[in-house]
> 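I am attaching a structure below and will ask some questions about it afterwards.
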Amino acid sequence: MLEIKDLRVNLEDENKEILKGVDLSVEAGKVHAIMGPNGSGKSTLSYVLSGKDGYEVVGGSVKLDGLDILEMEPEERAAAGLFLAFQYPVEIPGVGNMTFLRTAVNSQRKARGEDEISATDFLKQVRERAKSLQIDAEMLKRPVNVGFSGGEKKRNEILQMAMLEPRMCILDETDSGLDVDAMKLVAEGVNALRDAGRGFLVITHYQRLLDHIKPDVVHIMANGKIVKTGGPELALEVENNGYSEILSEVA
Amino acid sequence: MAIKQQKFDPIEDATFQVANKNRGWSQKAREGALKRLSTMGMPSRRDEYWKYTNPTELLTEKLSVSPVVGLEDANIFSELDALKIVFCDGVFNPDLSDDLAAENIIISRLEENGDLHWAKNYYGLLEEKAQRPVSRSLAALNTAIASDGALIHVKGKVEKPIQILGIRNNTAEAILHHVIKVEKDCSITLLESGPFAKRLNSVMEVFLDEGASLEHIRAQGRDHDRLAVTHVFADIKENAKFKSFTLSANGMLTRNECVLTLSGDECAAHVAGASVGDGKSFHHDDTVFITHDAVACESRQVFKKVLRNGATGVFQGKILVKEGAQKTDGYQISQSLLLDEDSQFLAKPELEIYADDVACSHGSTSGAIDEEALFYLCSRGISKNDAADMLTLAFLAEAVEEIENDKIADIIVEKISAWLSRRRN
């Protein structure tokens, strides 16, 4: 479903290569995890996939269901089914969470040539999905992420994911800043969305999130490349031995 | 008659007008204003108070006649059930206006002859007081030669909002002077909209008795060639509440002055403005002067401006806390969202405090659209234009939220959204 081939990316302002030929395929229905030390290029990969400014793709390709997404604007990628759960969700004063969610859902529907969701259906869906993430009515009314705790922000990301029903979900360090209970809640939200038609790419520094979101495939990323790929046991290896052993092994 | 080419002198012109027409009960006040005006002279760019706005265009004689803007276009509040007082080319128009007779309120026009009128003791009073410490010559000029205006005396509960509506037909200039007096514990919602003329000089004097309240919501828009100088003066007594909000769009040169005196204990004054400007010819100036002269009063100023394509925004806001005005709570914020590098925002916030137990804060910022927020919205499928409009509206929201009446606030938001999306095409 998501096919990344030999992706090479520079920081736009400096001639510095961050991604040095990333190869990765995520199949529908599977959860892939990317682990790696700080500065290995994990977050850059998530930003490049979602279309953030400031990066220059100098080589390779990224296809979502066969479509070249690197040519698309961020909103077109979203409508095509790509979703990034941000490591640091942005606070937007003055824009109500509900208004934001509804505009997003309807913008995507419009882009796909579908009818807008009715106000009652939308409300019903939001309430239902918010409830399972323990997001109360008050949080829905507030401006997007403003005054939210770290855990609330991450749950709000998962709520957006649940409402937008993307084909391909990328979770960028979703566990950062979460305590064990909050992490469990977020993981449950993600697990509820797992199905045969949807792919996940879970980027994380630690193994602990993967205790809750069980991956099918684990990749280790270092220095802008995928250096090792394996099953869930690879995450445990990282947990027990750290990255240095694996990295010296592949060097 | 010999024709001598001379530079137009507004004071000479006003002197002529006052001397040649007796305006009945308001004549004495007009003569007083003319005297003040002669002493003060007209403003020029050299005056500190006009540092950021060039008054020249507000003072020239000849104006070309402008395109007609009709009633439909002028009334952005048409979906509200309001009692309409319509001025056409600066003169009250009884045919277009509603029946002015209503319960608990007396409405009349300035151009009513005779010698006895309740407004006799109020016309020009606040304008005169507001000439210190800063001269407001254009307001004095208005008192001297105003062609018409609404005189509104509120004596009880008023069912509907009162709306002052302006349309223009063939005259380039309108000089309107309104006086509003709200008796003890009474309240009124006052709407004001319309392109009154190509060049408008308007004064509104508001007297709020104990416990009275007034919410003033004004919309300036549709008239792309607007030159306007407006003054809102208010005297606010004990426990009274004054609120004023202005939406400004389009136009060329607009200077809105608001001069408020909190003269009774525990009263409140809130003044807010949202303006959206596009193009080099757009120049919008909000000048506010709030005097705290009683104990435990609250004042708020919230001004937001969105500027693009070389538009200019100005904010001059002052809070003066007099000796003895303890427990004053004063708040002032002025912010601009600059959508490109050609636009500019000039701000001069001032505090002058002579009491020692007060809380006053002021802030002023200029910034561009938050790129992080823009990307976040786009990453959820919202187009870049829509996302930018959402953030622009969000920026203006803090000012619009100052409007107490939700229905009116919704209309204002709708107008701003429409303006934003029109600009895309």
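Letters A, B, ... are given to chains in the order of the sequence lines, protein chains preceding strands, and every chain is numbered from 1.
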> Quick check: closest heavy atoms across A/Ala78 and B/Ser379, and the distance to 0.1 Å?
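Looks like CB-O, 3.4 Å.
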
> Once you round to the nearest 0.5 Å, how far does CE of B/Met390 lie from OG1 of A/Thr99?
6.5 Å

> Which of parallel (below 30°), tilted (30 to 60°) and perpendicular (above 60°) describes A/Phe100 and B/Tyr376?
parallel

> Determine whether more than 12 heavy atoms belonging to other residues, nucleotides or ligands lie under 6.0 Å from atom CG of A/Asp121.
yes

> Please classify the contact of A/Val105 with chain B as side chain, backbone, both or neither, using a heavy-atom distance under 4.5 Å.
neither

> If you count heavy-atom pairs within less than 4.5 Å of chain B, which of A/Pro143, A/Ala80, A/Ser107, A/Pro93 leads?
A/Ser107

> Looking only at heavy atoms, what is the nearest atom pair of B/Ile382 and A/Ala104, with distance?
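So the two residues come closest at CG1-CA, 3.8 Å.
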
> To the nearest 0.5 angstrom, please state how far the CD atom of B/Glu371 sits from the NZ atom of A/Lys52.
10.0 Å

> Which answer fits A/Tyr88, side chain, backbone, both or neither, if we ask what part of it has an atom under 4.5 Å from a heavy atom of chain B?
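Nothing of A/Tyr88, per the 4.5 Å heavy-atom cut-off to chain B.
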
> Do other residues, nucleotides or ligands put more than 12 heavy atoms under 6.0 Å from the NZ atom of A/Lys63?
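At most 12 heavy atoms, drawn from other residues, nucleotides or ligands, come within 6.0 Å of this atom.
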
> Just wondering, more than 12 heavy atoms not from A/Asp68 lying within 6.0 Å of its CG?
yes

> Considering residues, nucleotides and ligands other than A/Arg112, do more than 12 of their heavy atoms fall under 6.0 Å from its CZ?
yes

> Give every residue pair that meets the side chain to side chain donor-acceptor pair (under 3.5 Å) criterion with at least one member in residues 186-199 of chain A, sequence neighbours excluded.
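Applying side chain to side chain donor-acceptor pair (under 3.5 Å) to every pair that reaches into residues 186-199 of chain A, excluding sequence neighbours, yields nothing.
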
> Can you measure from CD (A/Glu73) to NZ (B/Lys384) and round to the nearest 0.5 angstrom?
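That separation rounds to 7.0 Å.
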
> Heavy-atom count around A/Glu114 CD within 6.0 Å, excluding the residue itself: above 12?
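Yes, because the 6.0 Å sphere around CD of A/Glu114 holds more than 12 heavy atoms from other groups.
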
> Step through the shown structure and confirm whether more than 12 heavy atoms of other residues, nucleotides or ligands are within 6.0 Å of CD on B/Glu350.
yes

> Could you tell me which portion of A/Pro89 (side chain, backbone, both or neither) has an atom closer than 4.5 angstrom to a non-hydrogen atom of chain B?
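Contact with chain B is through both the backbone and side chain of A/Pro89.
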
> Counting heavy-atom pairs under 4.5 Å to chain B, which of A/Ala79, A/Gly94, A/Pro166, A/Ala111 comes out on top?
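Most pairs with chain B among the choices: A/Gly94.
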
> For the CG atom of B/Asp386 and the OG1 atom of A/Thr103, what is their distance to the nearest 0.5 Å?
8.0 Å

> Chain B heavy atoms under 4.5 Å from A/Asn106: which part of the residue, side chain, backbone, both or neither?
neither

